[in-house]
Amino acid sequence: MGGVVDGLRTYRMIAAMWMRSTMAYRTSFVMTTFANFAVTALDFVAILLMFSRVDELGGWPLSEVAFLYGLSCVSFGLADLAIGSMERLGQRVRDGTLDTLLVRPAPVLAQVAADRFGLRRLGRVTQGALVLGYALLSVDIGWTPVKVALMPVILLSGAGIFCAVFVAGAAFQFVAQDASEVQNAFTYGGTTLLQYPPTVFGQELVRGVTFVLPLAFVNWVPAAYLLGRPLPLGMPRWTAFVSPLVAVACCALAGLAWRVGLRSYRSTGS
Amino acid sequence: MDPFIELDRVEKVFDVRRKTGFLKRERRQVRAVDGISFTVAPGEMVGYIGPNGAGKSTTIKMLTGILTPSGGRLRVAGIDPSRERTRLAHRIGVVFGQRTTLWWDLPLIDSYKLMHRMYRIPDARYRENLDRCVELLELADLLDVPVRQLSLGQRMRGDIAAALLHDPEVLYLDEPTIGLDVMSKAKVRGFLRELNSERGTTVLLTTHDLQDIEQLCSRVMVIDHGRMMYDGPLTGLHEVGESERTLVVDLERELGPIEIPDARVVKVEGPRQWLAFPASGSAAPLVARIAAEYPLVDLSVREPDIEAVIAKMLHSLGDSPKSPPEQAEEAVS
């Protein structure tokens, strides 16, 4: 537990330094935040364009696809905001600056997670939240206290699952320093995938995204439950509630991968 | 006194994979550090030198806990660095000459405030250490300047201060004077001498600048191909290496090579001639004799550079380079 407290403390300190660094270039900050908002919004524009031609995607109307989109975008956006810069670990390994982090009395994972922390990434979260707000107003959900309580749980679990993907990807970069593209396929690729209903994809892909890399628990499974639709792969309804467990398991595995990666770095250099 | 740093037959072996063709990889083992043993007593100031790729950086990385040794026993302040990296971090200071730990876009003082919190330095100690560093390293005018606007020499001084705020018992410096101008080098060296003599801080530095060693270190360790080639006072290194200094003389006009005992002409370029003479000898009698016999206009003496001294020493010890040193450096860094 001491390690976690220490890690959070380190994370806060370093993230604060990066925030102040960003403020040295205020105009640039405002512009990159807006750009982050606008560029990520293009994903939703693409969906809107599709719906100008069709009424449903895989049997899902616009409001429900927007619901999926909002959940995916906010979950991923939160993870990206918190530790998105971890994808640059390979760069630090290559240029040797990782060593300067290793001689400090603070957990390396926390230092790397907070590296280049940038509030500009709020652009994606804001954009996702707006779409989610629109979706919540237009979808037909029979709200119960349980369903209302499930909403924040879904978002946090989703963020946790994506965080695990970021950490595992970074751990892999200890071994292959130019693997950030591979990581992008799972992070940015993953969130884009989840913006569309599972019914538009083949069974094999849905199985992979459920049982191998369990991204389906970010939004597909719990959203299907909330919307009163059949769950993907015909899973029972209670699986809509296991997202937090999936997130914890993913984070534990990612933490393990991180340890292995760091150990291999320290025994081989680069 | 108990040694502060202790290495006993320490080894570091890297598996290097190299691309030999499309999808083809060749694996080979590189012994970056090959059974090195030495001890450093508290308060010593030691120069650690060797050609590129000799294993200097790898040794420093093991001493700081960044890398885990493949074999042998290593202790710093009684701590096994690779096992207790964070505990050790409180007791050591590290300056990587070419990698700043300062925050590029923030005023210098902000980096120090971060160290204050990260190392949990008691307020009074932090104040005291910061004041001392600011005074001795002449940082007072720089504290509010963003690091990106500092010159290389100013940044190096800033980095050294950052490494000392938590009162480390040992300071590792990797090329602390690289790229600095003469004035900055003098300031850095003066500060390190003071730190060592006043505070008793143990200092281990790697360098390519022989003057760093001459002016700072009573002891020098030479490493090549991962093995310790020499460990002793600097004067001994000159003797083993039979190093030479160079006397550059400008004559009034072009003449044949100067003929004089105890020195030999290595190069002639118009009226300018280069003479090599033993580093242990004195330049004064040579100059007097040349001035008496030749139309001398100007002269200067060049110290042997450390690479030349080491190269000669390694050669005299019968060790000829087995592979181009640059290759090995890429493999380990």
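Reminder, nothing fancy here: chain letters follow the sequence lines and each chain counts from 1. It should be emphasised that the depicted structure is a prediction, and the values quoted were computed from it without experimental measurement.
Residue Met62(B): no heavy atom, backbone or side chain, is found under 4.5 Å from chain A. Only the backbone of Leu101(A) comes within less than 4.5 Å of a heavy atom of chain B; no side-chain atom from C-beta onward does. For a residue to count as touching a neighbouring chain, one of its non-hydrogen atoms must lie under 4.5 Å from one of that chain's; by this rule Asp110(B) touches chain A with backbone and side chain alike. Using a 4.5 Å cut-off between heavy atoms, Arg9(A) touches chain B through its side chain atoms alone. For chain A, the nearby part of Pro81(B) is the backbone; its heavy atoms alone come within less than 4.5 Å. Both the backbone and the side chain of Ser82(B) have a heavy atom closer than 4.5 Å to some heavy atom of chain A.
When all heavy atoms of Thr86(B) and Pro105(A) are compared, the pair lying nearest together is O-CB, 3.7 Å. Closest non-hydrogen pair, Ala89(B) versus Val103(A), comes out as CB-O, 3.4 Å.
Within a 6.0 Å sphere centred on CE of Met31(A), other residues, nucleotides and ligands contribute 12 heavy atoms or fewer. Within 6.0 Å of CZ in Phe34(A) there are 12 or fewer heavy atoms belonging to other residues, nucleotides or ligands. Around the OH atom of Tyr112(B), the shell of radius 6.0 Å holds more than 12 heavy atoms that belong to other residues, nucleotides or ligands.
The distance from the CG atom of Asp105(B) to the CH2 atom of Trp18(A) is 7.5 Å, given to the nearest 0.5 Å. Distance CZ/Arg20(A) to CG/Leu114(B): 10.0 Å, rounded to 0.5 Å. Summarising the geometry, atom OG belonging to Ser21(A) is positioned 9.5 Å from atom CZ belonging to Arg148(B); distances are rounded to the nearest 0.5 Å.
Under a 3.5 Å cut-off, the side chain of Arg266(A) and the backbone N or O of Gly65(B) do form a donor-acceptor pair. Not a single donor-acceptor pair under 3.5 Å links the side chain of Arg117(B) to the backbone N or O of Met13(A).
When each of Gln98(B), Arg85(B), Arg87(B), His90(B) is scored by its heavy-atom pairs under 4.5 Å with chain A, the top score falls to Arg85(B). In terms of heavy-atom pairs under 4.5 Å with chain B, the best-connected choice from Leu262(A), Leu102(A), Thr97(A) is Leu102(A). Across Val108(A), Asp99(A), Asp95(A), the residue that shares the most heavy-atom pairs under 4.5 angstrom with chain B is Asp99(A). In terms of heavy-atom pairs under 4.5 angstrom with chain A, the leader among Tyr172(B), Trp104(B), Phe96(B) is Phe96(B).
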- Task: Walk me through it: do Arg104(A) and Tyr119(B) pass the test side-chain contact (heavy atoms from CB on, under 4.5 Å)?
- Result: CA-CA 8 Å; Arg104(A) 291 179 181 164; Tyr119(B) 283 83; 4.1 Å; yes
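Considering only heavy atoms from C-beta on, Ile14(A) comes within 4.5 Å of Met118(B) through its side chain.
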